[in-house]
2 protein chains.
Amino acid sequence: METKAKLLLAEDDENLGIAKGFDTDLFGDGELAYTGFKKNEYNICVLDIMMPKKDGISLARDIRLINQNVPIIFLSAKNLKEDVLEGFRTGADDYITKPFSMEELIFRIEAILRRTTQEANSTGGEQNVFKLGRFTFDPRKQILTNEEKDEQVKLTTKESELLRLLCNNANKVLERNFALKTIWIDDNYFNARSMDVYITKLRKHLKEETSVEIINVHGKGYKLIV
Amino acid sequence: METKAKLLLAEDDENLGIAKGFDTDLFGDGELAYTGFKKNEYNICVLDIMMPKKDGISLARDIRLINQNVPIIFLSAKNLKEDVLEGFRTGADDYITKPFSMEELIFRIEAILRRTTQEANSTGGEQNVFKLGRFTFDPRKQILTNEEKDEQVKLTTKESELLRLLCNNANKVLERNFALKTIWIDDNYFNARSMDVYITKLRKHLKEETSVEIINVHGKGYKLIV
DNA sequence: AACCTGTGTTAAATTGTGTTAAGTAGCGAT
DNA sequence: ATCGCTACTTAACACAATTTAACACAGGTT
């Protein structure tokens, strides 16, 4: 599917060792965990309530000051109603009481990630990076990288938008009118000629890779061959 | 805020009466619940495992045949490891064992809905602190911190306001006119040039973090890439 | 072949940005 | 009051991004 989710585990007594499907950073107390949180980007945090220096609840509050969005799961030995509610009030996504099986914890983490990574997809919507032979194209950063020469070219906004459309329709015809209405809003004569100019620019950028080509489909549009 | 979430509750022994914040439909057995599910659109389903006619697990499987996405919470009297795992395997989002408090159930429902209704996140209040790669930015204090070097830079008012706007629109285009009218009130030529100068200043401040970039969108504005 | 329309490419023209440095105004300290 | 500092604005210059123009050629039609 994708790269491993980055997991912050704040826990002191026993190593849960969630190695299986996650890229886990273990911190032995609340302060270490807080420092670690600030230095990295995590997809999810699993916090033990009982910890030295800073307990899980206060840690969660500090994390929430920085980031309202990252999922938080509490682990606790206590099953007291008020503790559980307090956990959720700080914005927790789950609260698991010991003892629990490792499999259950993993399922619960995955259940949450399923919801949060989907949002990342729906927001971003599309692919992050495209591979075009020896080139990789990052439409977010508008950068085209020649992996062999280790050269990077910054693309302009229009170049990048057009190449992104072509990549999304790789090996299919990208219709002129569609591209014009998407990128230029209006599909009049001058914008159409402008687009021709940008096709030329893209061809120049990609000319080193013979396996990649932007071909014209007469009267229809363009097709990116990979 | 928004409209009440539509909740399907499949439960037989006692009426949980989740009326508070939800638009709840109660069904007394699994078959009724299944019929009800097909007739309506629900935001979330809460299913008791032990039910007449069709148990919660089979009901969940049937629901998943129709809809892979709707969140499902199981309620169960049993806390057997295998039952819990079986619940998650059918794609559950949570599995709550009795006895539990009504408040906890509501918190757990809300925790899931928070993730599935995207609007809550994007519309939600402003952040106190932003993470920008190795930097954290506190718009209240107007301080930009390099967490690795442990260096702090005081930002000026304009620098801070502009960076805050960019952060609020991270990975989206921040339109020039919008920023000008927000920060400079008037969007005349000179203020526009002034803004350019501040973009340069911010870029200098952030130049150590290559994963963060302020790129120009010609004729539109700027985009903060994180 | 003669024609029309669509495309490829280059270059000029126009408008938008990036950056540095000089200018101005406000403010607290001396 | 004046000095020194800071935030901010204005000016100046260089250059980038996009559009428009110009000309050559390609593809399909009659």
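OP1 or OP2 of D:dC8 lies within a sub-4.0 Å distance of a side-chain N or O belonging to B:Thr157. For the pair B:Trp184 and D:dT9, the criterion of a side-chain N or O lying under 4.0 Å from OP1 or OP2 is met. The phosphate of D:dT6 (OP1 or OP2) has no side-chain N or O of B:Thr156 nearer than 4.0 angstrom. Taking side-chain N and O atoms only, A:Lys204 has a distance below 4.0 Å to OP1 or OP2 of C:dT10.
Ion pair A:Glu82/A:Arg89 flagged as a salt bridge, since at least one NZ, NE, NH1 or NH2 atom sits closer than 4.0 Å to an Asp/Glu carboxylate oxygen.
Using a 4.0 Å heavy-atom distance criterion, B:Thr200 is classed as a base contact. Among the atoms of the strands shown, base atoms are found under 4.0 Å from some heavy atom of A:Ser194. Residue contacts for A:Tyr222: at a heavy-atom cut-off of 4.0 Å it reaches the sugar-phosphate backbone alone, with no base atom in range. At the heavy-atom level, B:Lys154 lies nowhere under 4.0 Å from the strands shown.
Checking D:dA7, C:dT19, C:dG8 against the side-chain heavy atoms of B:Arg203 singles out C:dT19 as nearest.
Residues A:Val197 and A:His218 both approach DNA chain D. Their nearest nucleotides, taken by heavy-atom distance, put A:Val197 toward the 5′ side. Comparing B:Arg193 and A:Arg193, the nucleotide of DNA chain D nearest to each residue sits closer to the 5' end for B:Arg193.
To the nearest angstrom, P of C:dG6 lies 19 Å from CD1 of A:Ile215. The separation between A:Glu161 atom CD and D:dT18 atom P is 8 Å, rounded to whole Å. Remark: P of D:dT6 and OH of B:Tyr198 are 14 Å apart, rounded to the nearest angstrom. Atom NZ in B:Lys223 sits about 15 Å away from atom P in D:dA17, given to the nearest Å. One atom, CD of A:Glu159, and another, C1' of D:dA17, lie 9 Å apart when rounded to the nearest Å. Straight-line distance from the CG atom of B:Asn177 to the C1' atom of C:dG16: 13 Å, rounded to whole Å. Spacing between atom CD1 of A:Ile183 and atom P of D:dA17 amounts to 16 Å, rounded to whole angstrom units. Spacing between atom NZ of A:Lys220 and atom P of D:dG27 amounts to 15 Å, rounded to whole angstrom units.
B:Tyr42 and B:Asn67 share no side-chain donor-acceptor pair at under 3.5 Å.
Put simply, the side chain of B:Thr136 never gets that close to the backbone of B:Leu132: no donor and acceptor are under 3.5 Å apart.
Because its NZ or CZ atom is both nearer than 6.0 Å to the ring centre of A:Tyr34 and within 45° of the ring axis, A:Lys54 counts as a cation-pi partner of that residue. Figure legend: cation-pi geometry between A:Lys38 and B:Phe135 absent, as NZ or CZ is not positioned both under 6.0 Å from the six-membered ring centre and within 45° of its axis.
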